[in-house]
Student: 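Here it is, the structure, as structure tokens.
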Amino acid sequence: MTTPTIGVLALQGDVREHLTALGTADALARPVRRPQELAGLDGLVIPGGESTTMSKLAVTFGMLEPLRAFVRSGKPVYGTCAGMIMVADKLLDGREDQETLGGIDMIVRRNAFGRQNESFEAAVEIAGIPGGPVEGVFIRAPWVESVGAAVEVLATYDGHTVAVRQGNVLATSFHPELTGDHRVHAYFVDLVRRARR
Ligand code: GLN
């Protein structure tokens, strides 16, 4: 089967790191800034960064509705940190005018870990990812406050949900793209390959 093409939303955030991680995980990766660049993608990554800025830029670039349509289309989407916030159906501690795309029936609390500890690393065991825990890099990270029945909790840390999946939409509070371990990206690329069949 041909190599899947996966976009990385490149309005703001750690785009380059995701492009590299996806390349290592055997996908063709390309940055996406404009609605027409969503065409032909097999999957999409929403990077870490700053979700209020990303939300604002998505509105400015006319990307909000095209991105929502992409998520609704059922193609796989993976959000890390700010990206997790973007795929949340509901948000706590967001800015008043902050928009999300939705996609996962969950309530995410923005900057939840940030209040306790700006940034830290911790070993996180993720269901469905063999080979032992991944190194979770948490930077002003959100956590998942609650999930609906259709959502699978893949990982918790310190009693808080930090990785979830609903159908083809995946989200982590932490940043696997900032480590040399690309197993989470490989898991996502696998999801993309299966969705294409
Ligand atoms: N705290 C950031 C936000 O609200 C997310 C941080 C991150 O992506 N590392 O968007």
Side-chain angles (χ1 to χ4, degrees), residues 6-22 29 31-33 43-61 63-64 67-68 70-71 76-104 106-124 126 133-147 154-158 160-165 169-185 187-188:
I6 299 180
V8 178
L9 184 64
L11 299 173
Q12 190 270 336
D14 63 344
V15 175
R16 197 172 30 124
E17 289 82 355
H18 274 293
L19 293 171
T20 305
L22 289 167
V32 171
R33 288 186 190 83
L44 181 71
V45 166
I46 305 179
E50 221 294 314
S51 59
T52 64
T53 309
M54 222 180 275
S55 152
K56 220 180 286 168
L57 291 172
V59 172
T60 305
F61 280 68
M63 282 295 268
L64 196 63
L67 286 168
R68 284 178 175 157
F70 190 93
V71 177
V77 175
Y78 172 30
T80 64
C81 201
M84 168 187 261
I85 292 171
M86 292 300 286
V87 297
D89 281 356
K90 290 208 186 81
L91 183 58
L92 296 175
D93 295 340
R95 268 182 39 158
E96 217 168 279
D97 60 347
Q98 183 169 359
E99 302 276 3
T100 74
L101 307 174
I104 298 185
M106 62 178 172
I107 300 175
V108 166
R109 187 177 292 279
R110 183 169 163 255
N111 296 341
F113 284 111
R115 280 196 302 257
Q116 304 175 336
N117 195 343
E118 282 285 294
S119 138
F120 60 97
E121 294 185 19
V124 181
I126 306 176
V134 304
E135 191 60 19
V137 178
F138 295 80
I139 305 167
R140 288 180 65 76
W143 69 47
V144 180
E145 196 102 353
S146 65
V147 297
L154 301 180
T156 60
Y157 170 71
D158 205 18
H160 302 290
T161 296
V162 294
V164 290
R165 175 180 166 183
V169 189
L170 175 70
T172 60
S173 300
F174 50 91
H175 295 270
E177 73 279 12
L178 299 182
T179 69
D181 178 353
H182 296 143
R183 280 179 290 157
V184 182
H185 286 79
Y187 175 93
F188 180 63

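Each ligand, and each atom within it, is numbered from 1 in the order the structure gives. Values in this document were obtained by computation on a predicted structure and should not be read as measured data.
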Student: Taking only distance into account, with no hydrogens and no angle test, what donor-acceptor pairs under 3.5 Å do side-chain atoms of residues 8-17 form with protein atoms, sequence neighbours excluded?
Tutor:
from: Gln12; atom 1: OE1; to: Glu50; atom 2: N; distance (Å): 3.0
from: Asp14; atom 1: OD1; to: Gly48; atom 2: N; distance (Å): 2.9

Student: Show me, by chain and number, every protein residue that has a heavy-atom distance under 4.0 Å to ligand 1.
Tutor: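 Residues near ligand 1: Gly48, Gly49, Glu50, Ser51, Cys81, Ala82, Ile85, Arg110, Asn111, Ile139, Arg140, His175.
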Student: So Pro47 and Glu177, do their side chains get closer than 4.5 Å, heavy atoms only?
Tutor: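 In short, these two side chains do not touch, never coming nearer than 4.5 Å.
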Student: Ser146: what forms a side chain to side chain contact (heavy atoms under 4.5 Å, CB included) with it, not counting sequence neighbours?
Tutor: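 Side chain to side chain contact (heavy atoms under 4.5 Å, CB included) check on Ser146 returns Ile107.
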Student: Do His18 and Thr80 have side chains that get closer than 4.5 Å, going by heavy atoms?
Tutor: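 Yes, their side chains come closer than 4.5 Å.
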Student: Sequence neighbours excluded, which residues qualify as side chain to side chain contact (heavy atoms under 4.5 Å, CB included) partners of Ala88?
Tutor: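 Applying side chain to side chain contact (heavy atoms under 4.5 Å, CB included) to Ala88 gives Met106, Val108.
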Student: One pair to check against ring pair (Phe, Tyr, Trp, His ring centres under 6.0 Å): Tyr78 and Tyr187. What are the steps and the verdict?
Tutor: CA-CA 10 Å; Tyr78 172 30; Tyr187 175 93; 8.6 Å; no
